Amino acid sequence: MTKPELVALARLKDHFQGETAAYCATALTAEVGSRFGISASQELPSRGLGTLLVVGGGSRMDRAKRWRTLESPQTRLIVVPSLWGSGAEVSPIVALTEGETKTILMGPEFLPDYRSVWPELAARLPPETARFACGDSWSHALEGFLSPLASDAVRDELAAVIRELTVLPLGNDPRWFEPSARACAGQAKASVGLVHGIAHTLEGRLVAQGFKGWGHARLCSTYLYPVMAYNVSCNPKWPEQAAKHHLDTAAIDAVLKQLFDAAAYRQLLPVLEAAWPQVIRDVSSRTNSALVRPASLDFFRQVAT
């Protein structure tokens, strides 16, 4: 079995072992508990549990992955994402914002044992949330494809995902779940770049400064188009790589322009300027497809004009 194995939602209970509980948002505890016949809580359980079922977004899944690995490694971990985008359900990476610090852990021990999809949960997403999740998926696929650490085999995998994403609507559609998961699994074999360097650096700062509604997915959606424009301006290999892997650069560019919110970008520019020294030192920025320097900030200032 390749972890995490994809299991139909109706068969998920077949994979519970021992005492089982669910970890999910308060708004879902009654529904999750009733559907699976188990106790559900917004808090992580004590160690020693037989199976933990997680229903939620990327941060919730990552908290559970860290808890299982560090606190209760004997516990079977089953995850059900409530939306696409993060790909945390298939990723050996844990990324958690704590204060203004982004903590990154990586290793096969962080992979869940099983995963499933609950399309009805995603159907309730606000259109804006669904759109940001689409941008998060795109950022994984493109940054993984362009990573200097990506092999030709990984680029082939991600090119197939990119072609699939290109024809999906930027909105609420459960068809996003699987290509989103494959995008994250692919980039985990390579790396990400400046989009994630910016997102990782700004997330905690924005919370501390009182900005509302600026999670990881929205940041990735906002900065993907400017960062891709920067990469193309500095690295002429993109058209060659795209042609080699049968990617339509015009179609991709059109999608990224749809995701871009110019007003939001201008609103965050002062925060980006103040954080730029940290952005360029972020581990993700260091594996960007084009070198990121202190002077590179001028490009991003020009985008705002």
Side-chain angles (χ1 to χ4, degrees), residues 84-87 90-93 95 104 106 133-168 170 179-202 216-217 219-260 265 272 276 279-293 295-297 299-300 303:
W84 55 88
S86 76
V90 298
S91 175
I93 299 169
I104 308 289
M106 183 174 182
C134 297
D136 200 3
S137 302
W138 267 103
S139 70
H140 288 143
L142 282 173
E143 291 211 296
F145 177 87
L146 288 168
S147 169
L149 304 181
S151 65
D152 276 346
V154 169
R155 288 201 174 97
D156 280 338
E157 290 178 30
L158 288 170
V161 174
I162 291 168
R163 288 192 292 272
E164 192 170 344
L165 297 184
T166 304
V167 299
L168 287 176
L170 292 176
S180 169
R182 299 203 319 273
C184 184
Q187 67 83 21
K189 299 175 187 176
S191 184
V192 282
L194 181 57
V195 172
H196 279 78
I198 292 172
H200 292 166
T201 304
L202 295 194
H216 180 85
L219 285 165
C220 288
S221 294
T222 299
Y223 285 101
L224 185 54
Y225 173 66
V227 169
M228 276 297 293
Y230 173 78
N231 291 341
V232 170
S233 73
C234 299
N235 185 351
K237 293 182 179 180
W238 164 237
E240 176 186 333
Q241 290 175 325
K244 179 180 178 181
H245 294 275
H246 311 291
L247 296 178
D248 184 339
T249 56
I252 293 168
D253 190 59
V255 172
L256 303 192
K257 286 178 179 177
Q258 289 180 61
L259 286 167
F260 182 59
Y265 180 85
L272 180 67
W276 194 250
V279 167
I280 63 177
R281 291 198 298 270
D282 187 88
V283 64
S284 297
S285 301
R286 293 201 294 270
T287 55
N288 192 59
S289 62
L291 186 62
V292 186
R293 300 181 173 93
S296 303
L297 179 60
F299 182 94
F300 296 94
V303 172

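FYI, the numbering just counts along the sequence from 1. Keep in mind that this is a model prediction, so the values were computed, not measured.
In this structure, E143 and N288 have side chains that are in contact, with non-hydrogen atoms separated by less than 4.5 Å. Counting heavy atoms from C-beta outward, T287 and V192 have side chains that stay 4.5 Å or more apart. L168 has its side chain within reach of P179: a pair of non-hydrogen atoms, C-beta onward, lies under 4.5 Å apart. By the 4.5 Å heavy-atom criterion applied to side chains, I280 and L297 are not counted as neighbours. For the pair F145 and V161, the minimum side-chain heavy-atom distance is 4.5 Å or more. For the pair Y225 and L259, the minimum side-chain heavy-atom distance is 4.5 Å or more.
In this structure, L194 CG and S296 OG are separated by 8.0 Å, a value rounded to the nearest 0.5 Å. Atoms CE and CG, from M228 and L146 in turn, are 5.0 Å apart once rounded to the nearest 0.5 Å. Taking CZ from F260 and CG from L224, the interatomic distance works out to 10.5 Å, rounded to the nearest 0.5 Å. Atom NZ in K237 sits 10.5 Å away from atom NZ in K244 (nearest 0.5 Å). Rounding to the nearest 0.5 angstrom, the gap separating the CD atom in Q258 from the CG atom in L170 is 5.0 Å. The line from CD1 of I198 to SG of C220 is 9.5 Å long, rounded to the nearest 0.5 Å.
Remark: the S191 side chain and the S147 side chain contain no N/O donor-acceptor pair separated by less than 3.5 Å. Side-chain contact check for H140 and H196: at least one donor-acceptor pair (N or O, by modelled atom type) lies under 3.5 Å.
The backbone N or O of S289 lies less than 3.5 Å from a partner atom in the side chain of N235, making a donor-acceptor pair. S91 places no side-chain N or O within donor-acceptor distance of the main-chain N or O of G87, the cut-off being under 3.5 Å. Of the possible donor and acceptor atoms, one in the side chain of W276 sits under 3.5 Å from a partner among the backbone N and O of R293. No donor-acceptor pair under 3.5 Å is formed between the side chain of E157 and the backbone N or O of G186.
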Between K257 and V255, does a side chain to side chain contact (heavy atoms under 4.5 Å, CB included) hold up when you go through it step by step?
-> CA-CA 5 Å; K257 286 178 179 177; V255 172; over 6 Å; no

ring-ring contact (aromatic ring centres under 6.0 Å, His included) between F300 and Y223: does it pass, once the steps are laid out?
-> CA-CA 10 Å; F300 296 94; Y223 285 101; 7.5 Å; no

I would like to know whether T201 and L272 meet side chain to side chain contact (heavy atoms under 4.5 Å, CB included); could you show each step before the answer?
-> CA-CA 9 Å; T201 304; L272 180 67; over 6 Å; no

Let me see the working for W138 and I252 under side chain to side chain contact (heavy atoms under 4.5 Å, CB included), right down to the final yes or no.
-> CA-CA 10 Å; W138 267 103; I252 293 168; 4.0 Å; yes

Starting from the C-alpha separation in whole Å, work towards a yes-or-no answer on side chain to side chain contact (heavy atoms under 4.5 Å, CB included) for S86 and H216.
-> CA-CA 9 Å; S86 76; H216 180 85; over 6 Å; no

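When all heavy atoms of A242 and T249 are compared, the closest pair comes out as CB-CG2, 3.4 Å. Of all non-hydrogen atoms in L165 and A141, the two that sit nearest each other are CD1-CB, 4.0 Å. For C234 against A290, the heavy-atom pair with the smallest separation is CB-CB, 3.7 Å. Listed here is the closest heavy atom pair of L247 and R163: CD2-CG, 3.8 Å. Of all non-hydrogen atoms in S285 and V292, the two that sit nearest each other are O-CG2, 4.1 Å. Of all non-hydrogen atoms in F299 and P226, the two that sit nearest each other are CE2-O, 3.6 Å.
The side chain to side chain contact (heavy atoms under 4.5 Å, CB included) search around A251 returns T166, D248, not counting sequence neighbours.
Under 4.0 Å is where a charged nitrogen must lie from a carboxylate oxygen, and between R286 and D282 no such pair does.
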